[in-house]
K.L.:
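One structure, pasted below without further comment.
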Amino acid sequence: MTDDFYDELAPLYHLIYPDWNESIRLQGDKLSQLIEAEWPGGGAHRKVLDVSCGIGTQTLGLAALGHVVTASDLSANEIERARHEAKLRGLDIAFSVCDMREAHTHHGSGFDIVMSCDNSMPHLQTDSDLLTALRQMTACLRPGGGCVVSVRDYEKEERGSNIVKHYGARVENGQRHVLFQVWDFDDGGTGEHYDLGFFFVTEDLATHAVSTRVMRSRYYAISTTRLCELMHEAGLKDVRRIDGAFFQPVLVGTRP
Ligand SMILES: C[S@@+](CC[C@H](N)C(=O)[O-])C[C@H]1O[C@@H](n2cnc3c(N)ncnc32)[C@H](O)[C@@H]1O
């Protein structure tokens, strides 16, 4: 279900941002600064592995700063687009399709940084799957290397049904896209998992013809406290949550 969702979303994904190029630059800068603050000394020349790169928001930003980035994702269409976006920007990034639960089997070890950003990990539906992914990510690191995970702060999100999250309107190539998500939590709105519909209502500005696309996925609204416990259980030390350094809370831990 998750790879279908992102395969369909791949050509439209940049519309989530008011200015995707600006977000690439900003997120790359913020992450690079956070990495240098947490694990000083490596500058902007680290060996970074992004295990959920999508169309490349963080990957492209970090590579543009000089980091040597390897990047993978479950969605083949997103990887194809990320490859294209890297080529357009003259960036040399090794892309491949991989489930983060097999990150170490696929990528091997020796990375300075392994990361999964913008709420990718909560696509895994159980603690057991999250632990598998975190163990594989930890094994990708050299001793002393750092794990960086950014997620939504689900402790602050309301539970319920028919919850609408607005993303605003974007105009591109003579079309106006209005974006919103609808969330329905399990168990009549009280559960820890929710189904999500991502709606793209597109209006042709010349003819006013309207079409609607909806892509569906599912998330585990895991708390950052529980995710930190799982990072610790996966073998990372000094696990903690950092607020205010990125647009989402960032969880970090170090391979002993
Ligand atoms: C919200 S997007 C973020 C993508 C990217 N980090 C960005 O900000 O542009 C979540 C990503 O997680 C990926 N994903 C979900 N489950 C995955 C898994 N098991 N292994 C690898 N990637 C996964 C999706 O395909 C999607 O690209």
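Computed from a predicted structure; not experimentally measured. When a ligand or atom number is given, it counts from 1 through the structure's own listing order.
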K.L.:
Report yes if some N/O of T57 lies less than 3.5 Å from some N/O of ligand 1; otherwise report no.
P.N.:
yes
K.L.:
Flag S52 as yes when one of its N or O atoms lies below 3.5 Å from any N or O atom of ligand 1, and as no otherwise.
P.N.:
yes
K.L.:
Would S75 and D7 satisfy side-chain hydrogen bond (donor to acceptor under 3.5 Å, both in side chains), going step by step from the backbone distance to the final call?
P.N.:
CA-CA 6 Å; S75 159; D7 277 347; 2.6 Å; yes
K.L.:
Does the residue F5 have a heavy-atom contact with ligand 1, meaning some pair of atoms that are separated by less than 4.0 Å?
P.N.:
no
K.L.:
Report the relative orientation of the aromatic rings in H107 and F111; use parallel for angles under 30°, tilted for 30 to 60°, perpendicular for over 60°.
P.N.:
perpendicular
K.L.:
For ligand 1, does A133 get within less than 4.0 Å through its side chain, its backbone, both, or neither, judged by non-hydrogen atoms?
P.N.:
neither
K.L.:
Need the ligand 1 atom indices (1-based, order shown) with element for anything under 4.0 Å from a heavy-atom of H123.
P.N.:
15 (C), 16 (N)
K.L.:
Is C117 in polar range of ligand 1, meaning some N or O pair under 3.5 Å apart?
P.N.:
yes
K.L.:
Using a 3.5 Å cut-off on N or O atoms only, is D73 in polar contact with ligand 1?
P.N.:
yes
K.L.:
May I ask you to check whether D118 and Q248 show a side-chain donor-acceptor distance below 3.5 Å?
P.N.:
yes
K.L.:
Can you see whether E102 engages T132 through a side-chain donor-acceptor pair at a distance of less than 3.5 angstrom?
P.N.:
no
K.L.:
May I ask you to list the atoms of ligand 1 that are less than 4.0 angstrom from any heavy atom of L74?
P.N.:
16 (N), 17 (C), 18 (C), 19 (N), 20 (N), 21 (C), 22 (N), 23 (C)
K.L.:
Answer side chain, backbone, both or neither: which part of M100 comes under 4.0 Å from ligand 1, heavy atoms only.
P.N.:
both
K.L.:
Please say whether L124 places an N or O atom under 3.5 Å from an N or O atom belonging to ligand 1.
P.N.:
no
K.L.:
Taking only heavy atoms of S120 into account, list the atoms of ligand 1 that are under 4.0 Å away from them.
P.N.:
3 (C), 10 (C), 11 (C), 12 (O)
K.L.:
State the atoms of ligand 1, each with its element, that fall below the 4.0 Å cut-off from a heavy-atom position in Y13.
P.N.:
1 (C), 2 (S), 3 (C), 9 (O)
K.L.:
For atom 19 (N) of ligand 1, state which one of D99, D129, D118 supplies the nearest heavy atom.
P.N.:
D99
K.L.:
What distance separates L196 CG from H123 NE2, expressed to the nearest 0.5 Å?
P.N.:
8.0 Å
K.L.:
Tell me whether ligand 1 is touched by C98 - counting only heavy atoms on the residue side and a distance under 4.0 Å.
P.N.:
yes
K.L.:
For R255 versus A139, what's the shortest heavy-atom pair and its separation?
P.N.:
NH1-O, 3.5 Å
K.L.:
Check whether the side chains of D195 and Y219 place a donor and an acceptor atom closer than 3.5 Å, and report yes or no.
P.N.:
no
K.L.:
When you compare ligand 1 with Q27, is there at least one nitrogen or oxygen pair between them that comes in under 3.5 angstrom?
P.N.:
no
K.L.:
Is any NZ, NE, NH1 or NH2 atom of the basic residue among E22 and R25 found under 4.0 Å from an Asp or Glu carboxylate oxygen of the other?
P.N.:
yes
K.L.:
State the atoms of ligand 1, each with its element, that fall below the 4.0 Å cut-off from a heavy-atom position in V51.
P.N.:
21 (C), 22 (N)
K.L.:
Among residues two or more places apart or on two chains, list those pairs meeting ring pair (Phe, Tyr, Trp, His ring centres under 6.0 Å) that have a residue in residues 138-165.
P.N.:
Y154-Y194
K.L.:
Assess, by modelled atom type and distance only, whether the side chains of E78 and Y13 contain a donor and an acceptor separated by less than 3.5 Å.
P.N.:
no
K.L.:
For N119 and ligand 1, answer yes if some heavy atom of the residue is under 4.0 Å from a ligand atom, otherwise no.
P.N.:
no
K.L.:
In chain order, what residues pass the salt bridge (Lys or Arg N to Asp or Glu O under 4.0 Å) check against R142, with sequence neighbours excluded?
P.N.:
D112
